[in-house]
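Below is one structure, written out as structure tokens, with a few remarks after it.
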Amino acid sequence: MEIVAQCIGILAMAFNIWSYQQKQQKHIIALQLLGSSFFTVHFFMLKAYMGGLLNAVGIVRAVVYFYKDKFKSEHFLWLIAFLLVYLACYVLTFTIFDKRFNLENAIIEILPVIGMTATTFAFRCKTTQNTRLLGFVSSPSWLIYNIISLSIGAICCEVLSLISIFIGFFRIDRKKSMEDSDE
């Protein structure tokens, strides 16, 4: 079971890494939707319930932001709704899923909430550059959680995501910035 869970995590990682190399925000979101789908299964298999819950919410969030016009995702209420759901997942982790509440666990379990919040703000951004910049908040938060959860695919995902964000930033955003300054 552990090996299957780690393989699913590696597949999820591939989608998330690939997402940061996209030129269009819609493509970033679509690939992260696939990554979230596989990470949901992965984290539940590892009994890392906060990761599983938040990735399940991440699927819904990706759909809402992928279809921005249809769902009017720019409306402020969507942001509030997702933030409230993230907090509800935090509470569920300590109630329904019986995670022991102490200072250490409270800090560990809030990290993916911070990551999801940053990604939600990133999906609301108008530019891919800002989307990538918020990845610098999301990825380190998730990385620490993943190390503690012993999620090989997710650890690799966040390390590679950070590298991919840097590459995307320099390959696309910096190049575009230089072209804009030449005009």
Side-chain angles (χ1 to χ4, degrees), residues 12-13 15-44 48-97 99 101 105-146 149 154 157-158 161-162 164-166 168-169 172-173 176:
M13 170 195 70
F15 286 113
N16 281 13
I17 300 306
W18 188 20
S19 75
Y20 287 114
Q21 295 306 309
Q22 303 306 303
K23 290 183 181 180
Q24 294 180 4
Q25 186 182 38
K26 206 165 190 173
H27 294 155
I28 292 172
I29 294 170
L31 289 170
Q32 289 202 355
L33 182 149
L34 291 170
S36 289
S37 299
F38 286 105
F39 271 133
T40 298
V41 174
H42 167 76
F43 280 115
F44 277 116
Y49 298 116
M50 178 61 83
L53 287 170
L54 289 177
N55 274 281
V57 174
I59 295 166
V60 174
R61 181 192 62 196
V63 169
V64 167
Y65 286 104
F66 187 83
Y67 295 105
K68 284 182 177 186
D69 296 332
K70 183 177 181 178
F71 289 110
K72 301 188 184 335
S73 65
E74 296 302 317
H75 197 284
F76 189 69
L77 289 177
W78 278 112
L79 176 63
I80 299 299
F82 282 119
L83 296 178
L84 290 173
V85 171
Y86 301 153
L87 290 176
C89 289
Y90 185 76
V91 171
L92 287 173
T93 299
F94 294 107
T95 56
I96 302 294
F97 293 102
K99 182 83 174 189
F101 188 82
N105 286 341
I107 293 169
I108 292 167
E109 300 301 323
I110 200 70
L111 291 171
V113 173
I114 292 167
M116 290 297 280
T117 300
T119 303
T120 301
F121 277 101
F123 284 0
R124 294 175 57 83
C125 290
K126 302 286 185 213
T127 68
T128 55
Q129 179 180 9
N130 289 337
T131 301
R132 275 186 274 279
L133 286 174
L134 283 163
F136 288 125
V137 175
S138 179
S139 283
S141 300
W142 275 104
L143 178 60
I144 295 165
Y145 177 81
N146 296 336
S149 299
C157 180
E158 295 310 332
S161 286
L162 284 166
S164 185
I165 293 167
F166 273 114
F169 183 78
I172 298 167
D173 302 327
K176 185 177 185 228

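These figures come from a predicted structure and were not determined experimentally.
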Interatomic spacing from OG in S19 to CD1 in I165 - rounded to 0.5 Å
8.0 Å
Which word best sums up how the rings of F97 and F44 line up, parallel for under 30°, tilted for 30 to 60°, or perpendicular for over 60°?
tilted
Could you tell me which non-hydrogen atom of T40 sits nearest to which non-hydrogen atom of G52, and how far apart they are?
CG2-O, 3.6 Å
Closest non-hydrogen atom pair, Q24 against T128
C-CG2, 4.0 Å
For R124 and T120, does a side-chain donor sit closer than 3.5 Å to a side-chain acceptor?
no
Side chain N16, main chain C157, donor-acceptor under 3.5 Å:
no
G135 and P140 have their tightest heavy-atom pair at O-CD, 3.9 Å
Non-hydrogen side-chain atoms of F66 and L33 separated by less than 4.5 Å:
no
Distance-only side-chain donor-acceptor flag, Q25 / T131, under 3.5 Å
yes
In short, Y90 meets A106 closest at the heavy-atom pair OH-O, 2.8 Å
Close side-chain approach of E109 and V113, heavy atoms under 4.5 Å
no
When rounded to the nearest 0.5 Å, the distance separating CG of L134 from CD of Q129 is 11.0 Å
Contact between N146 and F43 at the side-chain level, heavy atoms closer than 4.5 Å - yes or no?
yes
Can the ring centres of F136 and F166 be said to be less than 6.0 Å apart?
yes
Indicate the ring-plane relationship of F82 and Y86, choosing parallel, tilted or perpendicular according to the 30° and 60° boundaries.
parallel
If the condition is side chain to side chain donor-acceptor pair (under 3.5 Å), which residues does E158 pass it with, not counting sequence neighbours?
S139
Here the gap from L92 atom CG to K99 atom NZ, rounded to the nearest 0.5 Å, amounts to 14.5 Å
More than 12 non-hydrogen atoms from neighbouring residues, nucleotides or ligands closer than 6.0 Å to CZ on F71, yes or no?
yes
Heavy atoms, side chains only, cut-off 4.5 Å: are R61 and T119 in contact?
yes
Return the OG to CG distance between S138 and L133, rounded to the nearest 0.5 Å.
13.0 Å
Distance-only, no hydrogens or angles: does the S73 side chain make a donor-acceptor pair with backbone N or O of Y65 under 3.5 Å?
no
Contact summary for Y145 and L111, nearest pair of heavy atoms:
N-CD1, 4.3 Å
Hey, are the side chains of N55 and H42 touching, using non-hydrogen atoms and a 4.5 Å cut-off?
no
Spacing of CD1 belonging to I29 relative to CG belonging to L34, to within rounding of 0.5 Å:
12.5 Å
Within the 4.5 Å heavy-atom criterion, are H27 and Q21 side-chain neighbours or not?
no
Check for a donor-acceptor pair, side chain of S141 on one end and backbone N or O of V137 on the other, with a separation under 3.5 Å.
yes
Approximate separation, where rounding is to 0.5 Å, of I59 CD1 and S36 OG
6.0 Å
Can you check whether M50 reaches I108 side chain to side chain, under 4.5 Å on heavy atoms?
no
With heavy-atom distances below 4.5 Å as the criterion, would you say the side chains of F39 and L54 are in contact?
no
